[in-house]
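Beneath this line is the structure, given in structure tokens, with notes to follow.
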Amino acid sequence: MRTMLADAPRTALTMAYWGFVLYLFLPLTLMMAMSFKNAAFIAFPIGDWTFDWYLKVMQDKPFLEACAYSVLVAGLTTLAATVIGVWIAMLIATTEGRWGAVLFALACLPAVVPGMISAISLRIFISTIDMPTGTSAIVLGHTVHAVPFVVVMALTRLRSMPANLVDAARDLGADSVVAFFRVTLPYLGPAIGGGMIFCILLSIDDFVRTFFLGGYRPTLPMLIFAKVQGGMSPEINAMATLVLLVTGAVGLYAEYYTRRSRSR
Amino acid sequence: MDPVVQFQNVTKAYGQAVAVDDLNLTIQAGKFVTLLGPSGCGKSTTLRMLGGFEIPNSGRILLAGKDVTRLPPNKRNVNIVFQDYALFPHMNVARNIAFGLELKGLDSSAIHKRVMELLALVQLQDYAARMPSELSGGQRQRVALMRALAPDPQVLLLDEPLSALDAKLRQQMQIELKSIQERTGKTFLFVTHDQEEALTMSDQIVVMNNGKVEQMGDPHTLYSRPQSVFVANFIGDANLLRAKVVGADAQGTALTWNGRQVGALPSAHAMKQGDSVLIVVRPEALRFLSVPSGEGFAGKIRKRVFKGNHTSMTIEVDDGSQLNALVHPGESEAISGEDVWLGWNPRAATVIRDESAAG
Amino acid sequence: MASNSTLARGGAMPAVTAPAYSTRLSALFNSGLYQSTLGALVSNKTTRMVLLAAVPIVWIVMMHIGPIYQMLKISLLSNYPIQHGRAPTFTFANYAIFFSEPLYFMPLIRSFVYATSATAVTLLVVYPVAYYVAKIVQPDRRSKALLLLLVPFWAGELIRTFSIIMLLANRGALNVFLRDIGMIDRPIPLLYTPFSLGFGLVYLISLYMLLPLYSAIDKIPKHLLDAAADLGAGPFTRFRRIVLPLSRDGIVSGCSLVFLTSIGVFATPMLLGGPTTVLFPETISGFFHGASDKWPVGAAFAMIMLVSALTTAAIFMRIVGGKSTRLM
């Protein structure tokens with residue numbers, strides 16, 4: 001009896017954890033299960049199971065185009081955000097004291113501005129510089145959103161770097177550029193890799209910025225949003241399941257990648 | 001012999017704190033020179049100025065006669081072995097050593113030949129493909145040394161490179177460092193706060209304190225003829241006895257201490273009759289005399305501490321001051337009881353100025 | 001193949017061969033072209049600093065501050081875009097509109113209520129979970145336990161919101177389950193209600209609470225808890241006197257992040273909420289559809305929301321947070 005009482009907090013916490021896991025997974029599992037329903041509408045119980053929705057989605061031109069477009073936007077975003085984010089992190093790392101803190105705060109600003117405000121302000125901004133809505137505007141918006149995360153990841157890694165590695169490279173004849181490309185950048189490698197995958201996920205998942213900055217070509221979230229508003233069928237579930245599987249695989253790989261390089 | 005490094009009136013201050021104060025120092029080529037001093041004495045700053053990582057506020061630094069005071073690190077032909085080695089974690093041993101050679105623009109086969117030569121020098125040929133994280137502390141140390149030697153620097157700078165090693169390994173590395181220096185004939189400038197390390201390896205020791213050179217010389221001279229209280233205390237243990245000069249000539253100095261006539265080697269500073277001075281007597285220079293004699297003095301043993309290869313004794317003399325004596329095993333057994341009769345060989349004692357009396 | 005050639009030279013040579021060195025890169029850096037251009041720029045301290053600072057500072061000023069500044073500017077104009085014959089004048093009228101109609105200020109109040117409640121619920125739900133992973137799970141299994149919680153968040157805002165519909169719709173899993181066990185005859189309307197919106201918000205944002213809480217609790221040394229237990233503190237006292245104060249930074253940054261995220265959520269209220277749950281982002285969005293002559297009002301509304309949200313978060317951090325509290 002005594003041991004049971006002593007273990008009560010532990011048991012309660014274990015249950016809280018597994019309850020939370022159930023809470024997180026149940027809706028997604030239901031969503032995936034529904035993609036196999038052999039009917040034109042969404043309703044439980046599933047009844048007849050079918051794989052047809054997937055066959056249909058795989059031949060659905062708008063879906064495939066949205067996939068390609070999302071990948072394109074994510075690729076450009078990742079490229080831009082990584083270069084700019086690492087550059088900013090390098091500047092912050094060499095700026096001491098108050099100015100360094102100010103720079104860091106400003107670099108992180110887009111990550112704490114609520115998504116809706118960020119989208120609206122970017123929409124206004126591109127109109128003041130006469131940039132049309134469309135691919136370049138989306139990439140710009142996604143990049144602004146992703147840069148703070150790259151900065152934080154790169155900066156964390158930079159701060160763990162022994163200061164004299166760059167000194168050693170300089171001592172052996174490297175100028176600042178050579179020292180950056182041959183010592184600092186390889187050292188940052190794992191953080192940059194993790195940051196890039198994070199950028200991809202942020203860009204592919206983003207809805208609100210794309211909604212206000214996009215042109216006529218929909219990204220994946222835009223397509224799914226339009227379909228949900230236009231009347232639901234298990235077709236959406238099949239699309240969402242495919243997207244979920246791919247982003248999940250990318251995320252899992254990111255975890256594996258950062259863990260492996262951290263253990264080195 | 002040519003001076004390879006010259007510091008001329010070099011001063012470096014960080015705000016109000018003066019790290020190096022009007023330093024003048026000349027280092028001869030091919031020597032193992034040690035900058036020795038407590039932390040904050042300016043020795044590391046001196047090293048970093050020579051490496052190009054700090055620019056002096058005033059003065060000049062010459063490297064083989066050429067002014068390098070304001071050259072960046074990558075433009076001067078000196079290399080550093082860093083305190084924690086600073087090996088590039090993402091490159092294997094061979095590529096770490098090759099780094100400086102690659103930047104010199106050597107071709108692959110020349111680089112490979114040089115890398116393998118250097119690895120052979122420290123018996124690490126089989127470790128060329130290992131990553132730094134797969135090496136022991138001593139091996140990392142050797143790789144860092146070879147990486148710094150690879151570009152054939154005019155001076156090799158070593159910034160307390162042994163401090164991360166355990167005591168046994170440290171002694172081993174001291175001998176190895178010295179032998180590598182002798183085999184390569186390079187000028188080594190070594191920075192340490194460990195006097196034993198300095199005495200073991202150096203041809204020349206530069207003792208620094210408060211940004212200034214206290215004394216410079218070979219290890220033997222520094223130990224046997226310190227010229228200041230700081231050097232006497234920092235290198236080895238010393239008994240400092242306050243005495244008055246009776247007379248001095250080139251052979252030695254006649255002094256009175258505790259009302260007795262005693263002798264010591266002459267001081268580097270000019271002394272005149274009546275000057276108040278300190279006599280430096282090393283603990284091992286104190287001799288126990290079997291019978292009372294005119295030259296010695298009486299003392300009482302207050303403490304004996306057995307230290308294995310010797311016994312350390314604290315002896316109180318008649319004016320109440322205490323002396324430390326180091327007694328070898330055979331001798332210590334012969335000394336029984338409390339009362340002893342002591343003396344020292346005048347050739348083993350040195351006179352230095354009494355800085356407190358001089359004001 | 002490469003190692004064979006080294007072996008051929010005899011002896012126990014290692015598997016490092018000449019081509020492993022990056023001589024081509026060095027040749028580039030030693031070339032006259034590099035030395036006279038980029039190399040020359042970085043050898044001078046001033047030009048090196050300019051090279052390092054130019055792009056980051058231009059980016060931050062243009063892209064991090066620029067959009068907010070433009071939004072502020074336009075919110076103070078009488079009309080935008082600028083049309084012929086109608087020179088925009090400086091005005092506070094756009095801000096005054098906000099206070100004129102409950103239709104405008106009610107959604108903001110509602111947004112604050114939802115964001116605050118969602119933050120509080122998330123904290124209560126996630127804290128035990130974060131504590132369990134950080135302190136009860138064995139260290140070698142901790143990263144797996146954490147990973148299991150991260151996986152659902154890679155799904156993205158929209159898919160997660162959509163999956164909530166599967167659970168709560170009239171013919172969704174919950175209603176069907178309750179009907180099948182005979183607890184209800186007709187479905188309870190759960191979707192398009194305040195309940196579904198709150199449920200969805202918590203589902204969406206709990207990750208932002210989990211990570212700061214986990215890292216704060218993880219940092220509390222276990223021996224502190226052992227010492228407290230040794231001095232006679234029971235589980236509740238240990239939690240109240242040790243764990244809670246020491247995880248304060250995590251609580252503050254987690255709550256601030258969750259609050260700022262949930263107040264700016266746009267798609268979720270549109271998909272899960274009903275006519276009575278219009279939140280402020282949707283109100284703002286209305287000014288940006290169709291003809292753009294209402295932009296100044298939308299910009300003013302967005303400014304009101306930005307300033308009030310950041311102020312709330314800042315006040316919260318100042319009051320509850322310690323000195324070292326940071327958002328990121």
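The structure displayed is predicted, hence computed values, not measured ones. Atom set for the values below is all heavy atoms of this structure, side chains included, hydrogens, waters and symmetry mates excluded. Order of the sequence lines sets the chain letters (A, B, ...), proteins ahead of strands, with each chain counted from 1.
Distance check, rounded to the nearest 0.5 Å: CG of A:L13 to OH of C:Y127 gives 10.5 Å. In this structure, CD1 on C:I159 lies 8.0 Å from OG1 on A:T241, to the nearest 0.5 angstrom. Between the OG atom of A:S118 and the CZ atom of C:F266 there is a distance of 13.0 Å, given to the nearest 0.5 Å. Atom OG in C:S285 sits 6.5 Å away from atom CD1 in A:I120 (nearest 0.5 Å). In this structure, CE in C:M63 is found 8.5 Å from OG1 in A:T143, a value given to the nearest 0.5 Å. Atom CD of C:Q70 and atom CG of A:L122 lie 11.5 Å apart (nearest 0.5 Å).
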Practice prompt. Would you sort out whether A:I124 and C:K73 count as a side chain to side chain contact (heavy atoms under 4.5 Å, CB included), showing the intermediate values?
Written response: CA-CA 10 Å; A:I124 291 172; C:K73 202 172 123 189; over 6 Å; no
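Here the side chain of A:T247 pairs a donor or acceptor atom with the backbone of C:W154 at under 3.5 angstrom. For the pair A:W87 (side chain) and C:L52 (backbone), a donor-acceptor distance under 3.5 Å is present. A donor-acceptor distance shorter than 3.5 angstrom exists from the side chain of A:Y23 to the backbone of C:Y203, with no hydrogens or angles considered. Of the possible polar contacts, none joining the C:H64 side chain to the A:L109 backbone as a donor-acceptor pair under 3.5 Å is found. No side-chain donor-acceptor contact under 3.5 Å links C:Y132 to the backbone of A:R10.
Contact annotation for A:I92: neither backbone nor side-chain heavy atoms come within less than 4.5 Å of a heavy atom of chain C. With a threshold of 4.5 angstrom between heavy atoms, A:I224 approaches chain C through its backbone and through its side chain. Looking at A:T14, the atoms closer than 4.5 Å to chain C (heavy atoms on both sides) sit in the backbone and in the side chain alike. Contact of A:M232 with chain C is made through the side chain alone, with heavy-atom distances under 4.5 Å. Contacts between A:V83 and chain C at a heavy-atom distance below 4.5 Å are absent for every atom of the residue. Contacts between A:L24 and chain C at a heavy-atom distance below 4.5 Å involve backbone atoms as well as side-chain atoms. At a 4.5 Å heavy-atom cutoff, the contact between A:R123 and chain C is made by backbone and side-chain atoms alike. In this structure, chain C has no heavy atom under 4.5 Å from any part of A:I129. If you measure heavy-atom distances from C:V137 to chain A, you find no contacts under 4.5 Å at all. Proximity to chain A (any heavy atom under 4.5 Å) is restricted, for C:L51, to the backbone atoms N, CA, C and O. For A:L26, the part lying near chain C is the side chain, with the backbone staying farther off; criterion is any non-hydrogen pair under 4.5 Å. Neither the backbone nor the side chain of A:D206 comes within less than 4.5 Å of any heavy atom of chain C. If you measure heavy-atom distances from C:V58 to chain A, you find no contacts under 4.5 Å at all. C:Y208 does not touch chain A: none of its heavy atoms, backbone or side chain, sits under 4.5 Å away. Using a 4.5 Å cut-off between heavy atoms, C:L149 contacts chain A through both its backbone and its side chain. At a 4.5 Å heavy-atom cutoff, C:V265 makes no contact with chain A through either its backbone or its side chain. In this structure, the portion of C:L150 lying under 4.5 Å from any heavy atom of chain A is its side chain and not its backbone.
In terms of heavy-atom pairs under 4.5 Å with chain C, the best-connected choice from A:D205, A:V246, A:I236, A:V243 is A:D205. Listed options C:A309, C:A173, C:A130, C:A169 were ranked by heavy-atom pairs under 4.5 angstrom with chain A; first place goes to C:A173. Ranked by heavy-atom pairs under 4.5 Å with chain A, the first of C:G66, C:A145, C:P128 is C:A145. For chain A, the option among C:V176, C:L72, C:N175 with the highest count of heavy-atom pairs below 4.5 Å is C:V176. In terms of heavy-atom pairs under 4.5 angstrom with chain A, the leader among C:L271, C:I164, C:V125 is C:L271. Counting heavy-atom pairs closer than 4.5 Å to chain A, the top-ranked of the candidates C:A299, C:G298, C:S143 is C:S143.
Side-chain contact check for C:V61 versus A:L106: every heavy-atom pair is 4.5 Å or farther apart. Here the side chains of C:I74 and A:T128 are in contact, with some heavy-atom distance below 4.5 Å. The shortest side-chain heavy-atom distance between C:M71 and A:I117 falls under the 4.5 Å cut-off. Side-chain contact between C:F280 and A:M116: absent, with no pair of heavy atoms (C-beta onward) separated by less than 4.5 Å. For the pair C:T161 and A:V228, the minimum side-chain heavy-atom distance is 4.5 Å or more. The side-chain heavy atoms of C:Y69 and A:S121, taken from C-beta on, include no pair separated by under 4.5 Å. When side chains are defined from C-beta on, A:P114 counts as touching C:L306, because their heavy atoms get closer than 4.5 Å. Two residues are said to be in side-chain contact when any heavy atoms from C-beta on lie closer than 4.5 Å; C:W295 and A:S127 meet this criterion.
Closest approach of C:P56 to A:L91, counting heavy atoms only: CB-CD2, 3.8 Å.
Among residues two or more places apart in sequence or in another chain, the side chain to side chain contact (heavy atoms under 4.5 Å, CB included) test is passed with A:F25 by A:V21, A:T29, C:L148, C:V151, C:P152. By the side-chain hydrogen bond (donor to acceptor under 3.5 Å, both in side chains) test, A:H145 is found to be paired with A:R209, residues two or more places apart in sequence or in another chain being considered.
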